[in-house]
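When a residue number appears, it is its place in the shown sequence, counting from 1.
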Amino acid sequence: MAILPLPLKSHFAFASQNKSIYAKVENNDVFLYSNPKNNNESKLFELPNSYFVRLIENAGDDFYYCVYKDVYGYVKKSEVTAMKGTPVNPFVESSFRVYAPEGLGLYSVPQLSEQFKKVTIPYLTDTLTYYGKIIGQEAIPEKSSMWIYCKYNYETNAYGYVYSVFCDKLPTITTNTERFEVIEVPFKDESKGAKELTSVAMGFIIVGVSLPCLVVLFLLVKPSMQKTDGVKSKLRGRKNKDYFEFDENDLT
């Protein structure tokens, strides 16, 4: 049973906001997974060939954690190509329509069952956001087993699957020809860079703390230095006299 991902969340913005690395899908049958376990239950939908996912971080040896549009998930490292560039059209931006007269159910898994039903989409709704497709239950015999993963905007955004038999105005997906220099290991030097940055930061912290301490120390010592210089000056002024004058002010 597939587990639907949450829409884009801020707690993973640390990498995506500062450094965007896109990876191109260059074959069919490349899927976005809900978890990095590489099984049919964790497949969310097939990613459109020739388009991109935005990588966030490594997720073990075999997967990247990534985002497609506003849906987080995992993609196999061996099935995408990381590239040094920002595509103009990284994702398929399209909507489609449902035309079931009694409305069409939106399900958490690609299976026609009330226990998985999230909401009923009204007849002729044509603002459903298209993400991708996946093979699921053949709900109508000898028809189709294809389901579409989509987003339905009503009171709140709802993500899930609709049965493709009752859908039309589906996008004609053209080939995205955008291509950039390949990045062999996109996250290889991140930890090293973090360590170097930490060393530089520590150097600035040490200098920043030391300077105020030196200034304070100087201000504390300066009055004593001035007082000593004043006593020496008075003694030098009296050295030509035949006797030594004691001045109480010299003690203060």
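For K151, the salt bridge (Lys or Arg N to Asp or Glu O under 4.0 Å) criterion is met by D70, not counting sequence neighbours. For the side-chain contact (heavy atoms from CB on, under 4.5 Å) test, residues two or more places apart in sequence or in another chain that qualify with K24 are E26, S50, F52, M83, N176, R179. Applying the salt bridge (Lys or Arg N to Asp or Glu O under 4.0 Å) criterion to E138, with sequence neighbours excluded, gives no partner residue. Applying the ring pair (Phe, Tyr, Trp, His ring centres under 6.0 Å) criterion to Y131, with sequence neighbours excluded, gives Y149. Qualifying side-chain contact (heavy atoms from CB on, under 4.5 Å) partners for K117, counting only residues two or more places apart in sequence or in other chains: Y107, E114, T120. Applying the ring pair (Phe, Tyr, Trp, His ring centres under 6.0 Å) rule to Y163 yields the partners W147; only residues at least two apart in sequence or on another chain are considered. Not a single salt bridge (Lys or Arg N to Asp or Glu O under 4.0 Å) links D62 to another residue, sequence neighbours left out. Partners of F63 by ring pair (Phe, Tyr, Trp, His ring centres under 6.0 Å), not counting sequence neighbours, listed by chain and number: Y33. For N27, the side-chain hydrogen bond (donor to acceptor under 3.5 Å, both in side chains) criterion is met by no residue, not counting sequence neighbours. For Y74, the ring pair (Phe, Tyr, Trp, His ring centres under 6.0 Å) partners are Y65, not counting sequence neighbours.
The backbone N or O of D29 sits less than 3.5 Å from a side-chain atom of E46, completing a donor-acceptor pair. Using modelled atom types, one side-chain atom of S164 and one backbone atom of M146 make a donor-acceptor pair closer than 3.5 Å. With hydrogens and angles disregarded, no donor-acceptor distance shorter than 3.5 Å links the side chain of K118 to the backbone of Y161. Side-chain N or O atoms of E79 include none that pairs as donor or acceptor with a backbone N or O of V30 at under 3.5 Å.
Atoms CD1 and CG, from I121 and L128 in turn, are 4.5 Å apart once rounded to the nearest 0.5 Å. Rounded to the nearest 0.5 angstrom, T129 OG1 and N157 CG are separated by 8.0 Å. The distance from the CD1 atom of I134 to the CD1 atom of I148 is 12.5 Å, given to the nearest 0.5 Å. The line from SG of C167 to NZ of K133 is 13.0 Å long, rounded to the nearest 0.5 Å. Going from atom SG of C150 over to atom CG of L104 covers 8.5 Å, rounded to the nearest 0.5 Å.
When side chains are defined from C-beta on, R97 does not count as touching T125, because their heavy atoms never get closer than 4.5 Å. Side-chain contact between N153 and T127 is absent, with no heavy-atom pair separated by less than 4.5 Å. Between V98 and Y152, the closest side-chain pair of non-hydrogen atoms is not below 4.5 Å. Using a 4.5 Å cut-off on side-chain heavy atoms (C-beta onward), F180 and P87 make contact. Side-chain contact between F45 and L32: present, with at least one pair of heavy atoms (C-beta onward) separated by less than 4.5 Å. Side-chain contact check for K69 versus V71: every heavy-atom pair is 4.5 Å or farther apart. The shortest side-chain heavy-atom distance between L55 and F187 falls under the 4.5 Å cut-off. At a threshold of 4.5 Å between non-hydrogen side-chain atoms, the residues L44 and Y72 do not count as touching.
When hydrophobic clusters are built by joining Ile, Leu, Val, Met, Phe, Trp and Tyr residues whose side-chain heavy atoms come closer than 4.5 Å, directly or via intermediates, V53 is grouped together with I173. If you chain together hydrophobic residues whose side chains sit under 4.5 Å apart, V182 and Y51 never meet in one group. Linking ILVMFWY side-chain heavy atoms closer than 4.5 Å, directly or via other members, places L170 and F166 in a single hydrophobic cluster.
Each side-chain hydrogen bond (donor to acceptor under 3.5 Å, both in side chains) pair with one or both residues in residues 83-95, not counting sequence neighbours, would appear here, but there are none.
With a 6.0 Å cutoff to the six-membered ring centre and a 45° limit on the axis angle, K169 does not count as a cation-pi contact of F96.
When hydrophobic side chains of Ile, Leu, Val, Met, Phe, Trp and Tyr are connected at separations under 4.5 Å, Y99 ends up clustered with Y123, L124.
Across all their heavy atoms, V92 and Y68 have their closest contact at N-OH, 3.2 Å.
By the neighbour-count criterion of 12 heavy atoms within 6.0 Å, atom CG of D61 is sparsely surrounded, having that number or fewer from other residues, nucleotides or ligands. Summarising the local packing, NZ of K76 is surrounded by more than 12 heavy atoms from other residues, nucleotides or ligands at distances under 6.0 Å.
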